[in-house]
Amino acid sequence: MTSTELTATATAKPLIPGPATPYQGDIARYWDGEARPVNLRLGDVDGLYHHHYGIGAVDHAALGDAEDSESEKKLIAELHRLESAQAELLLGHLGDIGRGDTLVDAGCGRGGSMVMAHQRFGAKVEGVTLSAKQADFANNRARELGIDDHVRAQVCNMLAMPFETGRAAASWNNESTMYVDLHDLFAEHSRVLEVGGRYVTITGCWNPRYGQPSKWVSQINAHFECNIHSRREYLRAMADNRLVPQAVIDLTPDTLPYWELRATSSLVTGIEEAFINSYKDGSFQYVLIAADRV
Ligand SMILES: C[S@@+](CC[C@H](N)C(=O)[O-])C[C@H]1O[C@@H](n2cnc3c(N)ncnc32)[C@H](O)[C@@H]1O
Ligand SMILES: CC(C)=CCC/C(C)=C/COP(=O)(O)OP(=O)(O)O
Ligand SMILES: [Mg+2]
């Protein structure tokens, strides 16, 4: 069943009485209304629906040549492959995860990373999103795949998750930290993670060596109604909340090929220039941070 045929059969009920702030209400409405072809057409490739960006070298052989009648389909498949490669990289930093473990996806979107996490580790995966539409979509996909006993999305604020203290083996934010205060966020991850648990995020952050958010970063903030943090804020907020980084990887060179390929596609959304220019002028960085809960 493709995304266009998929309809919400069960409506996710918010766990807490609605968004915590008017801003969160706006973000819930943004994602409830989001239906960009660049996200749905890529997800239709294999049923893994992402709302993050790709990394890795473009496989130009897989694209065929321009005259190829299938070139659009091949380009979509290649963009999707790079986005799934990004999720695999994040999951690869979660550490030694077993079938009996519980994982938390904070800001889970339509659930592509949750499905991949369960398929990779066999673990239980709990996701939260502000968007009832995204939660319904993710839960319908889990039901279709027969994994709804292990993969569940709930409508709630990632700053107040309905999970017991100290029970998650690992948790992550995949391009969802730019919607919340990092101290509040990392305090909540530190609460739900077991001692020695692992936290991972992949995010876009402005470069403190540039000085302040560039005009390109401001354009990205306006485009997504988000608030991109600086790299130093991540490290400071982690240090203040018992999260000790054990890997900080600059993925900027690895994500540029994805953006340059995407900029040639018919699925462009208009934000490609801001990402490419900010990555190239050094004002913006694409970073993975993996940290241990001490
Ligand atoms: C860019 S999408 C990323 C989705 C997913 N991580 C992925 O990689 O496909 C950002 C997600 O963060 C969620 N989000 C933003 N603020 C949130 C909050 N305060 N609590 C829970 N989810 C939130 C949005 O609902 C959306 O699902
Ligand atoms: C790295 C940064 C700053 C990302 C901001 C968060 C975000 C909106 C990611 C992509 O979502 P999407 O896949 O829905 O966006 P698009 O429609 O551009 O593919
Ligand atoms: Mg996308």
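As the structure lists them, so they are numbered: ligands from 1, and atoms in each ligand from 1. Index from 1, following the sequence.
Evaluation of the salt bridge (Lys or Arg N to Asp or Glu O under 4.0 Å) rule for D254 yields no partner, not counting sequence neighbours.
Looking only at distances, no side-chain donor or acceptor of E144 sits under 3.5 Å from a matching main-chain atom of N140. One N or O on the side chain of E34 and one on the backbone of R36 form a donor-acceptor pair closer than 3.5 Å. Using a distance-only test at 3.5 Å, with no hydrogens or angles considered, a donor-acceptor pair links the side chain of D32 to the main chain of A132. At least one donor-acceptor pair closer than 3.5 Å links the side chain of Y23 to the backbone N or O of E225.
Those atoms of ligand 1 with a heavy atom of L130 less than 4.0 angstrom away are 16 (N), 17 (C), 18 (C), 19 (N), 20 (N), 21 (C), 22 (N), 23 (C), 25 (O). Near Y179, meaning under 4.0 Å from any of its heavy atoms, are these atoms of ligand 1: 10 (C), 15 (C), 16 (N). Each of the atoms 18 (C), 19 (N), 20 (N) of ligand 1 lies under 4.0 Å from some heavy atom of N157. Here is the list of ligand 1 atoms found below 4.0 Å of a heavy atom in Q24: 19 (N). Contact atoms of ligand 1 toward G109: 4 (C), 5 (C), 27 (O) (distance under 4.0 Å to a heavy atom of the residue). The contact set between ligand 1 and H52, taken as ligand atoms under 4.0 Å from a residue heavy atom, comprises 7 (C), 8 (O), 9 (O).
Ligand 2 is surrounded by W31, R36, V38, N39, H51, H52, Y53, E175, M178, Y179, G204, F224, I228, R262, F275, F284, each with at least one heavy atom closer than 4.0 Å.
Contact check on R167 versus E164 returns a salt bridge, with a Lys/Arg side-chain nitrogen under 4.0 Å from an Asp/Glu carboxylate oxygen. A salt bridge links E72 to R41: one of the charged nitrogens lies within less than 4.0 Å of a carboxylate oxygen. Note on K124 versus E126: salt bridge recorded, some NZ/NE/NH1/NH2 to OD/OE distance being below 4.0 Å. With salt bridges taken as basic N to acidic carboxylate O contacts below 4.0 Å, none links E78 and R262. Under the 4.0 Å criterion applied to side-chain N and carboxylate O atoms, D292 and R198 are assigned as salt-bridge partners.
The distance from atom OH of Y179 to atom CG of N173, rounded to the nearest 0.5 Å, is 11.5 Å. The OG atom of S278 sits 4.0 Å away from atom CD1 of I220, with the distance rounded to the nearest 0.5 Å.
Under 4.0 Å from ligand 1, not a single heavy atom of R110 appears. The proximity of V180 to ligand 1, defined as any non-hydrogen pair under 4.0 Å, is limited to the side chain. Looking at C108 against ligand 1, only its backbone comes within 4.0 Å, counting heavy atoms. Only backbone heavy atoms of C156 (N, CA, C or O) come within less than 4.0 Å of ligand 1; its side chain stays farther off.
In terms of polar-atom proximity, defined here as any N/O pair under 3.5 Å, H50 makes no such contact with ligand 1. Considering backbone and side-chain atoms alike, L159 places every N or O at 3.5 Å or more from each N or O of ligand 1. Residue-to-ligand polar distances keep Y49 apart from ligand 1: every N/O pair is separated by 3.5 Å or more. When only interatomic distances are considered, the shortest N/O to N/O separation between T129 and ligand 1 falls below 3.5 Å. In terms of N/O distances under 3.5 Å, ligand 1 is not approached by S176. Considering backbone and side-chain N/O of E175, none are found under 3.5 Å from N/O of ligand 1.
Remark: minimum distance from atom 13 (C) of ligand 1 to any protein heavy atom is reached at G107 CA, 3.7 Å. Residue, atom and distance of the protein heavy atom nearest to atom 3 (C) of ligand 1 are H51 O, 3.2 Å. In terms of protein heavy atoms, atom 20 (N) of ligand 1 is closest to M158 N, 2.8 Å.
Under a 4.5 Å side-chain heavy-atom cut-off, the cluster of Ile, Leu, Val, Met, Phe, Trp and Tyr residues that includes V294 is completed by V244.
Linking ILVMFWY side-chain heavy atoms closer than 4.5 Å, directly or via other members, places L40 and V38 in two distinct hydrophobic clusters.
Listed here is the closest heavy atom pair of W216 and A274: CB-O, 3.6 Å. A pairwise comparison of heavy atoms in R231 and P208 identifies NH1-CD, 3.8 Å as the closest pair.
Of the listed residues (E88, Q86, E83), just one forms a side-chain contact (heavy atoms from CB on, under 4.5 Å) with I55, and that residue is Q86.
Shown here are the protein N/O/S atoms lying under 2.8 Å from the Mg ion (ligand 3), water excluded: N39 OD1.
In the candidate list Y23, W31, Y30, F224, W31 is nearest to atom 24 (C) of ligand 1, counting heavy atoms. If you check each of Q154, Q134, E225 against atom 27 (O) of ligand 1, the one with the closest non-hydrogen atom is Q134.
Aromatic pair W259/F275: ring centres closer than 6.0 Å.
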Stepwise salt bridge (charged side-chain N to carboxylate O under 4.0 Å, His left out) test for E233 and R236: CA-CA 5 Å; E233 290 171 69; R236 185 186 297 155; over 6 Å; no

